[in-house]
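Here the structure comes first, spelled out in structure tokens, and everything after it is commentary.
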Amino acid sequence: MDIYDKLMTLAKRRGFLYPSFEIYGGVAGFYDYGPLGSQMKNNLENLWRKYYILNENFLEISTPTITLYEVLKASGHVDEFTDLTGECPKCHNSYKIEDLEKPVCPKCKIPLENIHPVNLMFPTKIGVGNTRDAFLRPETAQGIFTSFHLLYRYAREHLPFGVVQLGRGYRNEVSPRQGPLRMREFSMAEAEIFFDPNNKTHIGFNEIKHETIRLNDNIEEQVLTLEEAVNNKIIHSEALAYYLYLTQSFLLDAGVDREKLRFRKHASDELAHYAQECWDAELYSERFGWIECVGIADRSAYDLEAHTNASGVELIASRRYETPKKVRIKRIIPNMKKLGPLFKEKAGRIKTILEELKPEDDEINVNLDGEEIHIPRDCYEIIEKEETITQEKFIPHVIEPSYGIDRIFYCILEHSFYETEKNNEIYRILKLKPIIAPIKTGVFPLVNDEKLVSIAKKIDKTLRDNGIQTYYDNSGSIGRRYARMDEIGTPFCITIDYDTLNDNSVTIRDRDTTKQERIPIDNIVEYISSRL
RNA sequence: GCGGGUGUGGUGUAGUCUGGUAUCACUUAAGCUUGCCAAGCUUACAACUCGGGUUCAAAUCCCGGCGCCCGCACCA
């Protein structure tokens, strides 16, 4: 049994992860979060919120998982996530049709069979009868982009600002074989930070520029300060470097092993269709090697531009000039009194075209539905005037840290898993960080004596009243109860013994050292709270 | 998706070759006990991946589905 098997066994036994729909045979790529798993996932997501919403002051939104066809068509997912695949009947290899000149097996020279598109999105329909096509979203980001204009206004038209979303994404994986590392329905936490493309510096960079980070640019792996990485153009902007560091801080805080964390740069041929530069935070797993858990991409203006073009709504920002510019401009002013009667129903469209034309020639011809239409001179005026321009419009660039919550969840479990031996028996401990641990403290009466039990229950209640998740247990030997808590990563255990009756104190046991400390009952809440 | 391997209580297993409804341990639960690291005793719960076939009889043999593991492909 390798660590993956041991961990997944523990996860099932103790209520972290269950295979979904197991009574019907199960289906690959889906997992249930059990009682402890759900709590731990909440803790992980809330820690993420602390980083991005509290510390960075970003805006959280929540958008539908069902996403209109048009959105994903514009974003490129409909086309880019679809591969036409064919299979050779002789050698049984599969090929992407678009990689070949003809649909013929390059080895056996015979035509491919079973040619079908492989689309990684789950299609669905909205409504009954007059339906609209839709997909389950492959990422949460598009929901942020499609409301950019409203969010930009909410942010009072200042850049940079960030918007985050935590939620489910869906990808119909061809072969989801890596357990919770490749799920068909998965949780992600994404931040989209909108920048002026002329200014990808970061206000917080100065404070963190001497911190180090482990970088692998596919040529070499080195530990650099962020300043060095930016100056040597290994990372191309301060902003991107900042979010690499933020990601590192978050992951380490969540309990990732520093030795099992690195950042790897995507080679140009592995960049996603929307990405300009991308770094993955990779976490090491014993069985699967380096796992991509966070993607930090410079998506440039790709998405906002695509949605602006497809929807006709300008998803843009303005850059105010320090000193307004005065420019002389010529402009065409259509004369609707003439245009209207002359062109009837076409007049409206002609007006729009005229207003966008640059008045250069005296002769104006307009192309409407392939028809060349001459516009008489008396249908418009050309005026020239001086205008004060205070701002210019541009499409913001997007930097996107995108976290695979389930993958991080699994890697934290793996990095926290320790197996030792105690009295010739295998002893397992999950050394979860207190902030991540689903249960913060066990509460035990040393023996099943009503005098101790009643005090224990009172302490248990007090802790819960103060927002500390407890686990009351009076069954089995004290050692067994400690072992149960160790296996699910509970950092503290409180034991009420006969001395408690005399001096109102209890022992608090530390999971990792097994050391005990005696403290007054009145100090318990403070003791635990200060360590979370 | 292709090929190979594999599937027994919550977990790990014996039994499969050579057909006769299932072994052991841990866990869990109830109780007795227990004065700090999975102690002990009693009792209890609990399984043959699913469907079809062969047979008097299938965990066992055959076929298919599903899951898992490995390789190829796919994905990033």
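Note that the structure is predicted; figures quoted are calculated from it, not measured. Every chain is numbered from 1, with letters handed out A, B, ... down the list of sequences.
Proximity of A:Leu261 to A:Cys293: side-chain heavy atoms (C-beta onward) are nowhere separated by under 4.5 Å.
Residues passing the ring-ring contact (aromatic ring centres under 6.0 Å, His included) test with A:Phe492: none are found, sequence neighbours excluded. With sequence neighbours left out, the ring-ring contact (aromatic ring centres under 6.0 Å, His included) criterion links A:Phe444 to A:Tyr482.
A cation-pi geometry, defined here as NZ or CZ lying under 6.0 Å from the six-membered ring centre and within 45° of its normal, does not hold between A:Arg49 and A:Tyr52.
Nucleotides B:A25 and B:C66 have their P atoms positioned 38 Å apart, rounded to a whole Å. If you take atom C1' in B:U49 and the same atom in B:U60, they sit 15 Å apart, rounded to whole Å. For B:U13 and B:C50, the C1' atoms lie 22 Å apart once the distance is rounded to whole Å. Taking atom P in both B:U21 and B:U11, one finds a spacing of 25 Å when rounded to whole Å. Taking atom C1' on both B:C61 and B:C2, the two are 27 Å apart, rounded to the nearest angstrom.
Proximity note for A:Thr9 (side chain, C-beta onward) versus B:C36, B:C75, B:U11: the nearest is B:U11. For A:Ala28, counting side-chain heavy atoms from C-beta on, the closest listed nucleotide (B:C36, B:C74, B:C68) is B:C68. For A:Glu425, whose side chain is taken as the heavy atoms from C-beta onward, the closest listed nucleotide among B:A38, B:U34, B:C72 is B:A38. Out of B:A38, B:A76, B:C36, the shortest distance to the side chain of A:Arg14 is found at B:A38. Minimum atom distance to the side chain of A:Tyr427 is reached by B:A38, of the listed B:U11, B:C36, B:A38. Nearest to the side chain of A:Asp499, among B:U11, B:C74, B:G35, sits B:G35. Considering only the side chain of A:Glu173, B:C75 comes nearest among B:C75, B:G35, B:A76. Side chain of A:Thr514, nearest nucleotide from B:C37, B:C75, B:A39: B:C37.
Under 4.0 Å is where a charged nitrogen must lie from a carboxylate oxygen, and between A:Arg287 and A:Asp5 at least one such pair does. Classification of A:Glu139 and A:Arg299 as a salt-bridged pair holds, one side-chain N sitting under 4.0 Å from a carboxylate O.
With hydrogens and angles ignored, a donor-acceptor pair under 3.5 angstrom links the side chain of A:Tyr482 to the base of B:C36. In the interface, the side chain of A:Arg182 is paired with the base of B:C75 through a donor and an acceptor atom under 3.5 Å apart.
Each of A:Phe16, A:Phe409, A:Tyr410, A:Phe186 was checked for a ring-ring contact (aromatic ring centres under 6.0 Å, His included) with A:Tyr33, and the lone residue meeting it is A:Phe409.
Checking the phosphate oxygens (OP1, OP2) of B:A38, no side-chain nitrogen or oxygen of A:Ser477 falls inside 4.0 Å. Dashed line: the shortest gap from a side-chain N or O of A:Lys422 to OP1 or OP2 of B:C37 is not under 4.0 Å. Taking only side-chain nitrogens and oxygens, A:Arg484 comes nearer than 4.0 Å to OP1 or OP2 of B:U28. Regarding contacts with the backbone of B:A39, a side-chain N or O of A:Arg480 is found under 4.0 angstrom from either OP1 or OP2.
Taking the syn range as angles within 90° of 0, the glycosidic angle of B:U6 is outside it, so the base is anti.
Paired regions of RNA chain B, where each region holds three or more successive Watson-Crick or G-U pairs whose two hydrogen-bonding distances fall under 3.5 Å, are B:1-7 with B:66-72, B:10-12 with B:24-26, B:28-32 with B:40-44, B:49-53 with B:61-65.
A donor-acceptor pair under 3.5 Å is absent between the side-chain atoms of A:Arg509 and the main chain of A:Cys493, judged by distance alone.
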